[in-house]
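Chain letters run A, B, ... following the sequence lines, proteins first, then strands; residues in each count from 1. All values below come from the heavy atoms of this structure, side chains included, with hydrogens, waters and symmetry mates left out.
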Amino acid sequence: MRKLLIITLLFLTTIMYAQPKYGGVLVFGRSGDSVSLDPAHATDGESFYGSKQVYDTLVQFKLGTTEIEPGLAESWEISDDGLTYIFHLRKNVFFQPTKFYKKKVQFTADDVVFSLKRQMDKNHPFNKIGGSYKYWGAMNMSNIVKDIEKVDNFTVKITLQKREAPFLANMAMDFASILSKEYAFDLLKQGKAEQLSRFPYGTGPFVFQKWIKDDKIIYKANPEYWGGKPYIKKLILKVIPNSSVRAAELKVGSIHVMDFPNPEEVATLKADPNIKIITQEGLNVAYLALNMEKVKAFKDVRVRRAINHAINKEAIVKAIYAGFGRPAYAPIPPTMWSYNPDIVKYKYNPAKAKELLKEAGYENLEFDLWAMPVVRPYMPNARKVAEAMQADLAKIGVKTKIVSYDWGTYLDKGRKLEHDAMILGWTGDNGDPDNFLSVLLSAHAAKIPVSNRAAWKNEEFTKLVDQAKVETDIAKRTELYKKAQEIFAKEVPWVTIANSVVVEAVRKNVMGFKLDPMGKRRFDKVWFDK
Amino acid sequence: MLSYLIRRLFWTIPTLFGVTLMVFAMVHLAPGDPAVAMLGEKANPQSVKELREQMGLDKPLTTQYFIYISNILKGDFGRSANSYEPVLNEFLDRFPATVELASTAMILAIIFGVIAGIISAVKRYSVFDYASMFGALAGVSMPVFWLGLILIYYFSVKLGVLPVSGRLGYEFDIEHITGFYLIDSLLVKDYEAFWDALKHLILPAIALGTIPMAIIARMTRSSMIEVMKEEYIKTARAKGCSNFRVIVVHALRNALMPVVTIIGLMFGSLFAGSILTETTFSWPGIGKWLVNAVYQRDFPIIQSATLIIATIFIAINLIVDLLYAVINPKVRLS
């Protein structure tokens with residue numbers, strides 16, 4: 001009986017211990033400042049960190065996954081032809097009053113129409129305000145959406161020009177965040193419309209308070225947040241550019257979550273009893289594209305396979321990614337739905353590579369190996385990766401010259417297919433496989449200016465991807481994408497290099513913090529265990 | 001004096017014009033399309049076209065330059081290509097932070113540099129002389145970011161007496177009146193915030209001020225040694241002036257001439273040093289902002305901010321030249 005009592009007591013204390021507590025100020029130390037707090041104008045992750053706290057989207061990614069869940073839209077229907085989307089909006093959601101805008105305005109269909117239409121309609125009063133709508137263009141939305149209409153106060157109808165299954169996932173992206181129409185037009189009346197990107201007024205988990213450029217953004221919890229009141233009282237996003245200094249701030253406890261520690265700091269941070277390390281596989285891929293348009297030898301699949309066998313990506317990932325990556329075999333990352341783990345994997349095998357080259361008659365192959373000049377989320381050091389590849393390729397008698405340009409030129413020349421083979425990568429936008437497979441590998445993307453840098457034109461692959469794009473049934477789409485990956489693996493237009501792993505260092509008393517593959521940072525479920 | 005001032009002011013016009021031309025040429029002759037660089041992997045024909053139009057890159061170069069110059073004459077410094085905020089606003093948001101840091105560093109450098117220089121000169125070949133000149137040599141040779149990290153490690157992480165980085169603790173919220181936290185906190189009589197701002201200022205000011213301090217110390221020392229050999233010093237001593245009076249009134253005033261020149265010129269290098277210091281100490285000033293603009297090919301920021309900084313630099317040099325006249329009446333005559 002006593003034993004039972006003790007066990008019950010222990011159990012109860014564990015429950016109490018694990019119970020989230022309200023209160024506290026959380027400081028998040030990050031490497032750069034937001035550029036704009038209007039997510040429709042931004043393209044960089046730091047800007048989205050800032051706007052995500054204030055704004056919601058119609059649908060959203062379930063924290064830690066690429067799955068779609070309801071956001072400001074409670075539910076939605078898709079017509080059989082896949083061209084009409086009806087969104088039923090949440091009632092009783094309010095834009096939260098701030099120091100600079102004291103009104104409390106209810107969220108309605110007008111806000112949805114305003115937020116999306118300003119990006120599409122050239123005659124909209126906000127179309128020319130705040131610069132170009134970069135992501136709307138990048139996601140090709142003007143060729144997807146036909147119209148956005150208000151059906152009633154809490155229903156919105158979006159019609160498409162063509163069937164486009166990834167559309168729903170696009171609505172979860174930051175650029176599709178919902179801003180208040182009333183606030184925007186009040187600003188316009190006062191001649192201060194541009195303040196929309198500096199003073200955000202939203203429905204999200206936190207209420208914006210102050211932004212000191214290059215220093216910090218301060219938020220307070222939104223007590224009426226429809227997803228539940230955040231546990232922390234205040235949130236501060238603090239800019240600390242130097243990674244060693246960020247680590248020092250975390251050690252002394254003046255910040256609680258540290259973005260992007262350097263690989264060499266992780267070991268010392270791990271050793272600190274007050275700090276824990278959280279990892280998450282990133283939604284990205286780094287690859288070497290073999291340009292079949294320029295180098296004749298690359299047209300021969302045996303040469304492409306030989307190069308895949310020759311490059312020791314396990315060693316590259318170990319040495320250059322320093323534990324912040326995993327070798328990649330498929331064109332989409334393993335965290336994405338429809339990832340096919342059963343495709344052919346080209347293991348490091350120089351003897352076989354040599355044999356394949358001999359068979360193809362390209363024993364004296366020479367080409368330029370392009371390495372980008374910048375660090376990207378999927379690529380810590382392209383120059384070093386290129387050097388490792390160069391050494392590996394030399395072992396099978398392939399001579400390469402490493403070439404690099406400034407970032408703009410690099411991308412520009414790549415788009416014009418001026419490279420022989422180039423290192424590049426991609427970070428997923430909407431968690432949809434189409435965003436990788438169609439954008440980077442379909443025959444449509446192989447027309448100059450290309451985004452298919454291998455200029456690979458495989459009809460079968462393109463057909464599968466096109467079919468999957470218009471199919472709304474996830475199971476069927478998964479099948480199609482799995483098949484497409486099989487073709488990719490057989491044909492290998494790229495050498496897939498790695499998927500990066502995102503690492504975050506967090507104070508031990510910070511609970512409920514989750515990284516997510518979409519690269520967002522959310523704090524509404526974070527709490528302090530003191 | 002007045003005609004001298006007018007002449008000097010007149011000459012700044014072609015200088016500034018030259019600056020605009022040079023910076024414009026430099027940013028536009030650099031290879032690669034800035035719109036593509038800015039959009040990165042996600043660039044597609046439509047988004048590139050729209051961004052090029054927004055940045056005015058679709059127009060011929062001469063037209064772009066003409067638009068740029070005429071806008072500046074109207075007081076419009078353009079908008080950042082990235083954030084689309086007016087460059088002048090973005091500049092003014094960050095400039096007080098840089099000035100506060102740079103002037104604190106400079107004041108530290110002048111006070112300690114001049115004192116160390118005088119004592120070294122007067123007590124030549126003493127232990128103090130050797131120690132301070134060794135310190136000065138070390139100060140000139142130390143990379144700012146390295147020194148910064150060492151300071152943070154000892155004073156913030158190990159001893160825990162000073163904050164690691166930033167301008168002000170998050171528990172303080174002071175109104176932006178002048179943008180200088182030391183002044184603003186005093187104006188609103190928030191002494192705790194003042195103390196906190198001061199504590200945040202110490203380490204970066206030391207890091208940034210070390211090189212100028214070392215240069216000033218060495219300059220003062222050698223200049224003082226020269227002056228102390230002059231006949232008028234002997235005369236002053238013969239007149240029966242106290243040692244202190246001889247050094248401070250008779251020698252120092254003349255010895256300071258080359259030091260003032262160096263101080264004026266050093267403000268320029270202080271801006272350059274502030275880039276590293278600001279990055280290390282998460283100081284929200286213009287140094288880091290400008291470097292980011294260069295990385296991101298944000299033409300309007302690079303062009304206009306360089307012009308503004310050039311103007312400030314010219315103004316500082318002008319003030320220094322006028323200061324000569326105050327210190328040394330001989331300059332007034334010529």
Enquirer: For Asp412(A) and Val36(B), which heavy atoms make the closest approach, and how far apart are they?
Expert: OD1-CG2, 3.7 Å
Enquirer: Please flag which part of Thr280(B) lies under 4.5 Å from any non-hydrogen atom of chain A: side chain, backbone, both or neither.
Expert: both
Enquirer: Using 0.5 Å steps for rounding, measure from the CG atom of Asp38(A) to the OG atom of Ser83(B).
Expert: 12.0 Å
Enquirer: What part of Leu149(B) lies closer than 4.5 angstrom to a heavy atom of chain A: side chain, backbone, both or neither?
Expert: side chain
Enquirer: With a cut-off of 6.0 Å (strictly less than), are more than 12 heavy atoms of other residues, nucleotides or ligands near CD of Glu192(B)?
Expert: no
Enquirer: Let's go through Asp33(A) and Lys288(B) carefully: what are the C-alpha distance in whole Å and the side-chain angles of both, what is the deciding distance for salt bridge (charged side-chain N to carboxylate O under 4.0 Å, His left out) to 0.1 Å, and is it a yes or a no?
Expert: CA-CA 11 Å; Asp33(A) 199 10; Lys288(B) 184 79 181 59; over 6 Å; no
Enquirer: Tell me, side chain or backbone of Ile212(A) under 4.5 Å from chain B's heavy atoms, or both, or neither?
Expert: side chain
Enquirer: Is it the side chain or the backbone of Val27(A) that comes within 4.5 Å of chain B heavy atoms, both, or neither?
Expert: side chain
Enquirer: Give me the one residue out of Lys216(A), Lys234(A), Lys210(A), Lys220(A) that meets salt bridge (charged side-chain N to carboxylate O under 4.0 Å, His left out) with Asp173(B).
Expert: Lys210(A)
Enquirer: Which atoms of Asp93(B) come close to chain A, meaning under 4.5 Å heavy atom to heavy atom: side chain ones, backbone ones, both, or neither?
Expert: side chain
Enquirer: Considering only heavy atoms, which portion of Glu53(B) lies under 4.5 Å from any heavy atom of chain A: side chain, backbone, both, or neither?
Expert: neither
Enquirer: If you count heavy-atom pairs within less than 4.5 Å of chain B, which of Trp136(A), Tyr378(A), Tyr133(A) leads?
Expert: Tyr378(A)
Enquirer: Between the main-chain N or O of Ser132(A) and the side-chain N or O of Glu50(B), is there a donor-acceptor pair closer than 3.5 Å?
Expert: no
Enquirer: Arg246(A), Arg198(A), His41(A): which one forms the most heavy-atom pairs within less than 4.5 Å of chain B?
Expert: Arg198(A)
Enquirer: In terms of heavy-atom proximity below 4.5 Å to chain B, should Val245(A) be classed as side chain, backbone, both, or neither?
Expert: both
Enquirer: Could you state the interatomic distance from OG (Ser156(B)) to NZ (Lys251(A)), rounded to the nearest 0.5 Å?
Expert: 12.5 Å
Enquirer: Give the member of Gln54(B), Arg167(B), Met55(B) that has the highest number of heavy-atom pairs under 4.5 Å with chain A.
Expert: Gln54(B)
Enquirer: With side-chain contact (heavy atoms from CB on, under 4.5 Å) as the test, would you mind laying out the steps for Arg415(A) and Val48(B) before giving the verdict?
Expert: CA-CA 12 Å; Arg415(A) 277 152 44 91; Val48(B) 171; 4.1 Å; yes
Enquirer: When rounded to the nearest 0.5 angstrom, what distance separates CD1 in Ile152(B) from CG in Asn242(A)?
Expert: 7.0 Å
Enquirer: Chain B heavy atoms under 4.5 Å from Tyr135(A): which part of the residue, side chain, backbone, both or neither?
Expert: side chain
Enquirer: Is it the backbone or the side chain of Asp406(A) that comes under 4.5 Å from a heavy atom of chain B, or both, or neither?
Expert: side chain
Enquirer: Measure Ala97(B) against the heavy atoms of chain A and call it side chain, backbone, both or neither at under 4.5 Å.
Expert: neither
Enquirer: Measuring from atom NZ of Lys213(A) to atom CG of Leu92(B), what distance do you get when rounded to the nearest 0.5 angstrom?
Expert: 11.5 Å
Enquirer: Can you tell which of Ser36(A), Gly131(A), Gly32(A) has the highest number of heavy-atom pairs within less than 4.5 Å of chain B?
Expert: Gly131(A)
Enquirer: Please find the pair of heavy atoms, one from Asp214(A) and one from Gly285(B), that lie closest to each other, and give the distance.
Expert: OD2-O, 4.1 Å
Enquirer: Within the supplied structure, the quantity of interest is the number of heavy atoms (other residues, nucleotides, ligands) at a distance under 6.0 Å from Phe172(B) CZ; does it exceed 12?
Expert: yes
Enquirer: Quick one: closest heavy-atom pair of Ile240(A) and Ser165(B), and the distance?
Expert: CG2-OG, 4.3 Å
Enquirer: What residue, out of Leu424(A), Asp429(A), Val439(A), has the most heavy-atom pairs lying under 4.5 Å from chain B?
Expert: Asp429(A)
Enquirer: Sort out for me which of Ser451(A), Pro449(A), Gly130(A), Ala248(A) touches chain B most, counting heavy-atom pairs under 4.5 Å.
Expert: Gly130(A)
Enquirer: What part of Glu90(B) gets within 4.5 angstrom of chain A, counting heavy atoms only: side chain, backbone, both, or neither?
Expert: side chain
Enquirer: Select one option (side chain, backbone, both, neither) describing which atoms of Ser142(A) are under 4.5 Å from chain B's heavy atoms.
Expert: side chain
Enquirer: Any idea which of His176(B), Glu85(B), Glu278(B) has the most non-hydrogen atom pairs under 4.5 angstrom with chain A?
Expert: Glu85(B)
Enquirer: At a heavy-atom separation under 4.5 Å, does Lys134(A) approach chain B through its side chain, its backbone, both, or neither?
Expert: both
